[in-house]
Amino acid sequence: MTKLAENLKTLRLQNKLTQQIVAEHLKTTKAVYSKFELGTTEPSLKLMMKTADLYNVSLDELAGRQFTPNGKVIDQLLMKKEMTKEINSLVKQIGNEFIQSKEADIVKRMKQKFNLN
């Protein structure tokens with residue numbers, strides 16, 4: 001069960017409402033609303049907003065979302081992007097070093113084979 005589904009049921013029960021009453025408020029059927037509480041279907045943003053208003057909670061609270069301070073997610077994405085660049089650069093460097101060592105090895109073998117030292 002998702003946190004959203006769990007919160008929908010908990011809030012409904014705390015407010016002593018039936019699924020039918022909540023469904024009517026949301027202008028949907030009891031069967032559809034029941035699926036929201038079971039977590040088999042998620043409500044549209046519009047229905048989530050109406051539900052949040054009904055229970056006087058934020059959308060974050062309704063969805064069970066933990067607030068992330070502004071910019072923290074962006075900082076993490078930028079750090080990941082920078083790390084990816086560094087990793088790609090290292091892979092390229094290692095690849096070039098490997099090719100150079102193989103080329104040097106081939107030249108060395110050729111000189112030995114043909115006594116070109």
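- Considering only residues two or more places apart in sequence or on other chains, E42 meets the salt bridge (Lys or Arg N to Asp or Glu O under 4.0 Å) condition with none of them.
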Next on the checklist: Determine whether K50 and K27 satisfy the following criterion, side chain to side chain contact (heavy atoms under 4.5 Å, CB included), listing intermediate values before the conclusion.
Outcome noted: CA-CA 10 Å; K50 286 178 89 172; K27 296 187 181 2; 4.1 Å; yes
Name each donor-acceptor pair under 3.5 Å that joins a side chain in residues 81-90 to protein atoms two or more places apart or in another chain, with its distance.
residue : atom : partner : partner atom : Å
T84     : OG1  : K80     : O            : 2.9
N88     : ND2  : T84     : O            : 3.4

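- Remark: L45 engages M49, L59 in a side-chain contact (heavy atoms from CB on, under 4.5 Å) (not counting sequence neighbours).
- L26 and L13 fall into different hydrophobic clusters, where Ile, Leu, Val, Met, Phe, Trp and Tyr are joined by side-chain heavy atoms under 4.5 Å apart, directly or via other members.
- Using a 4.5 Å heavy-atom cutoff, the side chains of Y33 and L47 are not in contact.
- For residues 12-23, the side-chain hydrogen bond (donor to acceptor under 3.5 Å, both in side chains) pairs, not counting sequence neighbours, are R12-E37, Q19-E37, Q20-E24.
- For L62, the side-chain contact (heavy atoms from CB on, under 4.5 Å) partners two or more places apart in sequence, or in a different chain, are L4, L8, L11, M48, T51, A52, V57.
- The NE2 atom of H25 sits 4.5 Å away from the CG atom of L54 when rounded to the nearest 0.5 Å.
- Residues that satisfy the salt bridge (Lys or Arg N to Asp or Glu O under 4.0 Å) test with K30, not counting sequence neighbours, are absent from this structure.
- By the side chain to side chain donor-acceptor pair (under 3.5 Å) test, D105 pairs with R109, sequence neighbours left out.
- Once rounded to the nearest 0.5 Å, the distance linking CD1 of I94 with OG of S101 reads 12.0 Å.
- In this structure, CD in Q76 is found 7.0 Å from CE in M79, a value given to the nearest 0.5 Å.
- The hydrophobic cluster analysis finds L38 isolated: no Ile, Leu, Val, Met, Phe, Trp or Tyr side chain comes under 4.5 Å of it, directly or through other members.
- Every pair tested for salt bridge (Lys or Arg N to Asp or Glu O under 4.0 Å) that includes a residue from residues 94-103 fails, sequence neighbours excluded, so the list is empty.
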